[in-house]
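Worth saying up front: this structure is predicted, and the values here are computed from it rather than measured.
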Amino acid sequence: MLNIGKIRADRLDYLLDAVAHGAEDYYTGSGEAPGYWCGAGAAMLGLSGEVSPEELHRLLAGEHPATGDVLRSTDAKIPGFDLTFRAPKSVAVLWGLGTDEVRVAIREAHDAAVAEALAHLEATACHVRRGHAGAIREQGGGFVAAAYRHRTSRAGDPLLHTHVACGNLTQGPDGRYTAIVHPELYREAKAAGSIYQAALRRYLTAALGVDWSEIVNGCADIAGIDDDLLDLFSKRRQEILESMESRGEHSASAAQAATLATRRPKPGHREAAQWSPEAADYGVPPAGVTTLQDCWTVEAAEAGFVLDQAAILHRAGLRTVDDEDVRKLITRLLGPSGLTKMKAAFRRKDVVEAVCQALPAASLSTAEIEALVDRVLAEEAVIPLDVGQSGRDPAAWYSTDALLAMEASIIAGARTRAEAGVAKVPDEVVTAVSAGRGLSEEQAHMVTRLCGSGAGVEVVVGRAGSGKTFALGVCREAWERAGVPVLGVALAARAAANL
């Protein structure tokens, strides 16, 4: 998928230290290939090919990487971002244990998928602010970025991923370079990750004929690869899980903390080295060099695994998508179990994620996926919630006519029950129950309103910790004293029990 982090000095050192001195170091796994320029903004500046450490430092300082000219006039609090595109573990394992031809196909598919996802992110999350107090948001000219393809995890397992070091600057329509509106990067990360995964599946199925397991959260594994083999090469994940277990923690934030706490440095070198195109393209390793692939093959064999490529490759083809498939997909997305199943409104990114989730290994290109998303948003059943919005505006919100009709029905029902006279408690009972309970003025008002209005629906809004639950307990006692039956309901069982 795609993870985004802010680049600070330690992160920059990590990217540069990982670069190998030369072909021999690369093949033995003591370093990674150097970075290469990517992004529409880099092309505008005439940047291409290999990235030197000096050039990357200049970029993150807001300077032209090649000339040193100042691009961004003011210092940005965040110099840049690390966009990490990570292939599924099964893809990395097949890459690590496969033949030279398989490795080349996987590497090319991964690079192409990263490029397509980055282009999607440029279109949806590369903006600048203009006008008074930055009130106007305008499209930027693309990212100025350096991509570093890595092959291993910090535990030494095969883990094909690319770090895209993106400078926090882009050119606005007025020609000035200013900081990127970076919250949009995080907002669009999952959609861009879904584009990467969908493109990777398409390329690998076309090149190698692999089939895929069920897509979960946008990600799927190659069918036919033993789960135990994947676990063998998931030592880094096991380290993180064991660290969390030792603390009795299970949350996403705990996982992030465990990741940092158990992080180890990769072997590497400070200086970037001269790099031959042959080495970068996985040429024949120098004589006498034992490759990473040899080490992984031996490790798998010692654990009792031999990868059967014949059972994995050339077993599936790209699945065509016709008009009937599209119509069914649109109907499903706009139905009660689709985009509005868990939330009342959605953005374009949500449609992108849903479309990619529905394409195990379809023949649709990224451009065709984008067009299909446009078609969904143009449906008559889709209702724009922002006046004057564009269908391509990633910040725009939408809902469906069915969902809005449901909301209107609920509101109308609440209004017709305003004078229902239900659950009313005599004033003297409310006073007696409230006495000595230490209710604040707001809490006392809440109890009086809920127990005395008689409305069929009442809504209480308050910040966490403001005492809503405590005051509701007073209401419950008053209702029960007045003979009104009380039933607490909630989405979560624990909350329902508390009520």
Mark yes or no for whether [X], through its side chain, and [Y], through its backbone, hold a donor-acceptor pair below 3.5 Å.
X    : Y    : answer
K6   : P79  : no
K349 : A395 : no
S399 : A344 : yes
D350 : R347 : yes
E122 : F143 : yes
E116 : Y196 : no
H64  : A66  : yes
E368 : S365 : yes
Q357 : I215 : yes
D82  : I7   : no

To the nearest 0.5 Å, how far apart are [atom1] in [X] and [atom2] in [Y]?
X    : Y    : atom1 : atom2 : result
D393 : Q139 : CG    : CD    : 10.0 Å
E370 : L372 : CD    : CG    : 10.0 Å
C356 : R201 : SG    : CZ    : 7.0 Å
L318 : L204 : CG    : CG    : 10.5 Å
L329 : L334 : CG    : CG    : 9.0 Å
W95  : R103 : CH2   : CZ    : 7.0 Å

>> Using side-chain contact (heavy atoms from CB on, under 4.5 Å), reason through L16 and Y148 one step at a time and then give a plain yes or no.
In response: CA-CA 9 Å; L16 296 179; Y148 293 82; 3.8 Å; yes
>> Listing request: all side-chain hydrogen bond (donor to acceptor under 3.5 Å, both in side chains) pairs with a residue in residues 215-226, at least two apart in sequence or in separate chains.
In response: S90-D221
Can you name the closest pair of heavy atoms from [X] and [Y] and give their distance?
X    : Y    : value
G156 : W296 : O-NE1, 2.9 Å
G131 : I136 : CA-CD1, 4.2 Å
C166 : A145 : CA-CB, 3.9 Å
I225 : L230 : CG2-CD2, 3.7 Å
A61  : R72  : C-NH2, 3.7 Å
V382 : V376 : CG2-O, 3.2 Å

> Any luck finding a side-chain donor-acceptor pair between T297 and D294 under 3.5 Å?
Replying inline: no
So do the side chains of [X] and [Y] get within less than 4.5 Å of each other, counting heavy atoms only?
X    : Y    : result
L313 : V210 : yes
V355 : L333 : yes
W37  : E55  : yes
F346 : L403 : no
L97  : F233 : yes
E101 : V104 : no
I312 : L208 : no
D228 : L232 : no

> Taking R151 as the fixed residue, which of H161, Q293, E32 is the one that meets the side-chain hydrogen bond (donor to acceptor under 3.5 Å, both in side chains) rule?
Replying inline: E32
> Taking T170 as the fixed residue, which of V181, I180, T178 is the one that meets the side-chain contact (heavy atoms from CB on, under 4.5 Å) rule?
Replying inline: I180
>> Does L364 form a side-chain contact (heavy atoms from CB on, under 4.5 Å) with R202? I'd like the steps, not just the answer.
In response: CA-CA 8 Å; L364 294 184; R202 183 178 82 253; 5.8 Å; no
> Do the charged groups of R348 and E188 touch, with an N to O distance under 4.0 Å?
Replying inline: no
> Should K89 and D227 count as an ion pair when the cut-off is N to O under 4.0 Å?
Replying inline: no
> Passes side-chain contact (heavy atoms from CB on, under 4.5 Å), Y177 versus L45? Steps please.
Replying inline: CA-CA 12 Å; Y177 280 86; L45 293 175; 3.2 Å; yes
>> Could you go through R86 and L159, starting from their C-alpha distance and side-chain angles, then the distance that decides it, and tell me whether this counts as side-chain contact (heavy atoms from CB on, under 4.5 Å)?
In response: CA-CA 8 Å; R86 185 178 293 103; L159 181 63; 3.9 Å; yes
> Taking the six-membered ring for Trp, are Y186 and F81 parallel (under 30°), tilted (30 to 60°) or perpendicular (over 60°)?
Replying inline: perpendicular
